[in-house]
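Handing you this structure, nothing more for now.
Below, each value reflects all heavy atoms present in this structure, side chains not excepted, and no hydrogens, waters or symmetry copies. Protein chains get the first letters and strands the later ones, always in sequence-line order, with residue 1 at the start of each. What you see is a predicted model; the values in this text were computed from it and never measured.
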Protein chains: 2
Amino acid sequence: MKTIITISREFASGGREIGKKVAEELGYKYYDKELLQLIAQKEGYDVNFLEEMGEYKTDSLIYNLSTMGLYGAPSALGGGMSASDKIYVLQANLIKKIAETEPCVIVGRAADYILKDNPNCLNVFIYSDFESRRIRAEKLLKTDKNIEKILKKKDKSRANHYRHYTDRVWGVAKNYDISLNSGKIGFDKCAEIIVDVAKI
Amino acid sequence: MKTIITISREFASGGREIGKKVAEELGYKYYDKELLQLIAQKEGYDVNFLEEMGEYKTDSLIYNLSTMGLYGAPSALGGGMSASDKIYVLQANLIKKIAETEPCVIVGRAADYILKDNPNCLNVFIYSDFESRRIRAEKLLKTDKNIEKILKKKDKSRANHYRHYTDRVWGVAKNYDISLNSGKIGFDKCAEIIVDVAKI
């Protein structure tokens, strides 16, 4: 039985929805934005800012330099780090603590890497074809902006963020125990497979 | 219902065994070395030579130049190609033909790429942790040679072969519909998941 399920996912591939189904089915706690809310509460950050910095870290030196002083050093850390680095460390510490405390599903936040030495983890990657994601993103974002551009930018940012903090390439099957194409397999069946394997 | 299952796999990850179970369960024909036997019969090649060239193509120009004249041009092709290129084309043509003819499981041979436009395909990638593969390779190969070296060489050759013929990176989750860590999930459960998804 695996007590911690990490779900990495492409934007608009249904990873959150699948993660919620899995958590519900197994009776596990579900963490996604909830992690950020805990950090926001404790450290005085804004949740939306945390979300942007916590998964879409920019590689821009100027951007990071500009944020180094702006938000102050959180209580647990010294100064001098960029905001995204600070947030990564806070998230990583929190994820490790939660994983020791209770059975849970953690979506995103490079949790697969942060918990890579934890034998109780099942690491999942959810992705989908571009067209299915475009349709889903259109519904989720409700924007007039070019959805394809947004998707491509999100993909690139997430890959950069993952590489920056893990030194791994985003989307390589071997980083996970199961990878599923949610567009082809369907959200319900994906959740069913994950629950089934978690019970081994 | 998917009528063609392609299984790409790391050496000694159990891909063949899983593929055979899937074929048996679905009542599909199983192709692996069988493809090579068909080509060997028709074109007068030796099966062992075909196996080595058909999945472990070397990038060495000298090697390819040396094989260009040696084995003669197969009947279906003109001369001037390297032996591995000739074999790839023969395999690709045969795989496309088989996929049109009957429900089947095809293991290896870059079948996922060759049939990438076929909507009846379910593409699977099977891999495992190094230690599980080492133990399995030891049993399979029965050799005194350094198993770890053999595994690393096979991994490299297979990745090179795949990149050379498909222009894709070996092991990227998005090339497949499902990727499974057979060492963690077990061969039987892997086969069960594939059969289950094929029936969607």
Side-chain angles (χ1 to χ4, degrees), chain A residues 1-2 4-11 13 15 18 112 116-133 151 155 158-159 162 168-200, chain B residues 1-2 4-11 13 15 18 112 116-133 151 155 158-159 162 168-200:
Chain A
M1 190 80 191
K2 297 296 173 196
I4 303 145
I5 321 279
T6 74
I7 299 189
S8 308
R9 75 292 180 229
E10 284 188 331
F11 183 76
S13 68
I18 292 166
D112 58 297
K116 68 182 186 306
D117 299 320
N118 189 322
N120 300 318
C121 267
L122 181 74
N123 297 315
V124 180
F125 181 57
I126 301 289
Y127 55 95
S128 184
D129 59 283
F130 200 80
E131 185 52 19
S132 303
R133 292 171 60 210
L151 275 179
D155 285 348
R158 212 167 264 187
Y162 191 74
R168 287 180 176 179
V169 178
W170 172 254
V172 168
K174 288 204 79 162
N175 295 344
Y176 311 97
D177 300 309
I178 315 175
S179 298
L180 299 168
N181 177 346
S182 62
K184 198 149 175 181
I185 297 170
F187 295 179
D188 285 345
K189 182 55 86 179
C190 284
E192 197 184 310
I193 292 169
I194 297 164
V195 167
D196 195 25
V197 174
K199 287 180 178 169
I200 292 175
Chain B
M1 190 80 192
K2 298 295 173 195
I4 302 144
I5 322 279
T6 74
I7 300 188
S8 308
R9 77 291 180 229
E10 284 188 331
F11 183 77
S13 69
I18 292 166
D112 57 298
K116 68 183 187 303
D117 300 320
N118 189 321
N120 300 318
C121 267
L122 181 73
N123 297 314
V124 180
F125 181 57
I126 301 289
Y127 55 95
S128 185
D129 59 284
F130 200 80
E131 186 51 19
S132 303
R133 292 170 61 210
L151 275 178
D155 285 349
R158 213 168 261 186
Y162 191 73
R168 287 180 177 178
V169 177
W170 172 253
V172 168
K174 288 204 78 162
N175 295 344
Y176 312 96
D177 301 309
I178 316 175
S179 298
L180 299 168
N181 177 347
S182 62
K184 198 149 175 181
I185 297 170
F187 295 179
D188 285 345
K189 182 56 85 179
C190 285
E192 198 185 308
I193 291 169
I194 298 164
V195 167
D196 195 25
V197 174
K199 286 179 178 170
I200 293 175

Note to self: Under a 4.5 Å cutoff for heavy-atom pairs, which residue among B:Lys174, B:Lys2, B:Glu10 has the most contacts with chain A?
What the structure shows: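 Maximum pair count with chain A is reached by B:Lys174.
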Margin query: Given heavy-atom pairs under 4.5 angstrom as the criterion, report whether the side chain, backbone, both or neither of A:Lys189 touches chain B.
Written below: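 Interface part for A:Lys189: side chain.
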Next item on the list: For chain A, find which of B:Val172, B:Leu122, B:Asp196 contributes the most heavy-atom pairs closer than 4.5 angstrom.
Entry: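 Highest number of heavy-atom pairs under 4.5 Å: B:Asp196.
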Next item on the list: Can you tell which part of B:Ile193 gets under 4.5 Å to a heavy atom of chain A, answering side chain, backbone, both or neither?
Entry: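 Looking at B:Ile193, just its side chain touches chain A.
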Checklist line | Distance-minimising heavy-atom pair for B:Ala173 and A:Tyr127 | finding: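 That would be O-OH, 3.3 Å.
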Check: For A:Ile200, is it the side chain, the backbone, both or neither that has a heavy atom under 4.5 Å from a heavy atom of chain B?
Finding: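 It is the side chain, since no backbone atom gets that close.
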Next item on the list: Side chain from CB out, backbone as N, CA, C, O: work out which of these in B:Ser128 comes under 4.5 Å of a heavy atom of chain A, or both, or neither.
Entry: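 Only the backbone of B:Ser128 comes within 4.5 Å of chain A.
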